[in-house]
Amino acid sequence: MVATNITWHHGAFTREERQKELGQKGLTIWFTGLSASGKSTLASALEQHLISLKIAAYRLDGDNIRFGLNKDLGFGPEARTENIRRIAEVSKLFADSTQIAITAFISPYISDREAARKLHDEANIPFVEIYADAPLSVVEERDPKGLYKKAKAGEIKEFTGISAPYEAPVNPEVHIRTDQVSIEEGVQHILDYLRAKEYIPQA
């Protein structure tokens, strides 16, 4: 049952006042890509670099979130959509607090990612989609968790890229071919974009 007798309570600070006091802008950086595409590795490296620059950032990783907030969800289409809906809401709250929320989720459906973007757009919070792109043959070869091998053997059902679809971004803010650039180069590409948009200070 959906709650109806509730009211949104505004804080003592507006977002603009909070940004001025804390000296940074909040936004969500949304990594998407196949399992083993490098999105979590990029997200972790980006988080580390931003914090080294004294910029508050926090990474929400797909596997980690399923240990807690989303541990009640499976991997069917409806569960995947609810998984992304929840993360979009959480990342928006982080970004509203002026932190940089970094999410790393397969998020296979365009409609779900667009819903996450719309949620941020309606709140006037920047949303940066980053496509960690690598061919299926490459991610299958990497396969650090042995998931592709299990999926092909029928041991894992509804596995993205094998028995479930992945809808690649049409126009992401940043597109990184992780089979062609190093992690350091990928992070630098993202930093260049963030600085060009004035989301973070110039070097």
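All values derive from a computational prediction rather than experimental measurement.
Counting only heavy atoms from C-beta outward, the side chains of L42 and L46 never approach each other to under 4.5 Å. The closest side-chain heavy-atom distance from D61 to F105 is not below 4.5 Å. At a threshold of 4.5 Å between non-hydrogen side-chain atoms, the residues V138 and L136 do not count as touching. A heavy-atom distance below 4.5 Å is found between the side chains of P169 and R113. K25 has its side chain out of reach of T98: every pair of non-hydrogen atoms, C-beta onward, lies at least 4.5 Å apart. Side-chain atoms of Q19 and E17, non-hydrogen and from C-beta on, never get closer than 4.5 Å to each other.
Atom NZ in K39 sits 7.0 Å away from atom OG1 in T32 (nearest 0.5 Å). We find the OG-NZ distance between S111 and K118 to be 12.0 Å, quoted to the nearest 0.5 Å. Summarising the geometry, atom OG belonging to S40 is positioned 11.5 Å from atom CD belonging to E47; distances are rounded to the nearest 0.5 Å. Rounding to the nearest 0.5 angstrom, the gap separating the CD1 atom in I156 from the NZ atom in K149 is 12.0 Å. Note: I51 CD1 to R59 CZ = 9.5 Å, rounded to the nearest 0.5 Å. Between the CH2 atom of W30 and the CZ atom of F127 there is a distance of 5.5 Å, given to the nearest 0.5 Å.
The hydrophobic clustering, which links ILVMFWY residues whose side-chain heavy atoms are closer than 4.5 Å, places F31 and I55 together. Cluster annotation: L60 and L119 are assigned to distinct hydrophobic clusters (Ile/Leu/Val/Met/Phe/Trp/Tyr, side-chain heavy-atom contacts under 4.5 Å, transitive). Taking hydrophobic clusters as Ile, Leu, Val, Met, Phe, Trp and Tyr residues chained together by side-chain heavy-atom distances below 4.5 Å, Y131 does not share a cluster with I102. No continuous path of ILVMFWY side-chain contacts below 4.5 Å connects F75 to I87, so the two sit in separate hydrophobic clusters. I106 and I162 fall within the same hydrophobic cluster, where Ile, Leu, Val, Met, Phe, Trp and Tyr residues are linked whenever their side-chain heavy atoms come under 4.5 Å apart, directly or through other members.
Closest approach of I125 and A95 over heavy atoms only: CG2-CB, 3.6 Å. Nearest heavy atoms, I176 versus G186: CD1-O, 3.6 Å. Across P172 and V170, no two heavy atoms sit closer than the pair CD-C, 3.7 Å. Across every non-hydrogen atom of Q24 and A56, the tightest pair is OE1-N, 2.8 Å. Listed here is the closest heavy atom pair of S37 and T178: O-OG1, 2.6 Å. Residue T160 comes nearest to P165 through the heavy atom pair CG2-O, 3.6 Å, listed as atom of the first residue, atom of the second, then distance.
The number of heavy atoms from other shown groups lying within 6.0 Å of CD (E141) does not exceed 12. Residue N124 places its CG atom among 12 or fewer non-hydrogen atoms of other residues, nucleotides or ligands, all under 6.0 Å distant.
In summary, R117 and E114 engage in a salt bridge, as defined by a charged side-chain N under 4.0 Å from a carboxylate O. Ion pairing of R86 with E82 is present here, as a side-chain N (NZ or NE/NH1/NH2) and a carboxylate O approach within less than 4.0 Å. Using a 4.0 Å cut-off between charged side-chain N and carboxylate O, K150 and E155 make no salt bridge.
A donor and an acceptor atom, one from each side chain of D112 and S107, are nowhere located under 3.5 Å apart.
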Report all side-chain donor-acceptor pairs from residues 187-200 shorter than 3.5 Å, counting only partners two or more places apart or in another chain.
residue: Q188; atom: NE2; partner: D192; partner atom: OD1; Å: 2.9
residue: R195; atom: NE; partner: P201; partner atom: O; Å: 3.1

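Checked against the 6.0 Å centroid threshold, Y148 and F159 count as a close aromatic pair.
Checking side-chain atoms of S97 against main-chain N and O of F94 turns up a donor-acceptor pair under 3.5 Å. Remark: side-chain polar atoms of E173 are paired, donor with acceptor, to backbone N or O of E129 under 3.5 angstrom.
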Quick one, L34 with R142, criterion side chain to side chain contact (heavy atoms under 4.5 Å, CB included). Give me CA distance, side-chain angles, the key distance, then yes/no. CA-CA 12 Å; L34 292 169; R142 291 174 178 169; over 6 Å; no
Show your reasoning for whether salt bridge (Lys or Arg N to Asp or Glu O under 4.0 Å) applies to D96 and R15. CA-CA 7 Å; D96 185 56; R15 185 184 306 139; 2.7 Å; yes
With salt bridge (Lys or Arg N to Asp or Glu O under 4.0 Å) as the criterion, how do R80 and E158 come out once you've worked through the C-alpha distance, each side chain's angles and the decisive distance to 0.1 Å? CA-CA 11 Å; R80 288 177 184 269; E158 298 182 296; over 6 Å; no
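A side chain to side chain contact (heavy atoms under 4.5 Å, CB included) with S91 holds for exactly one of I100, L27, T103; it is T103.
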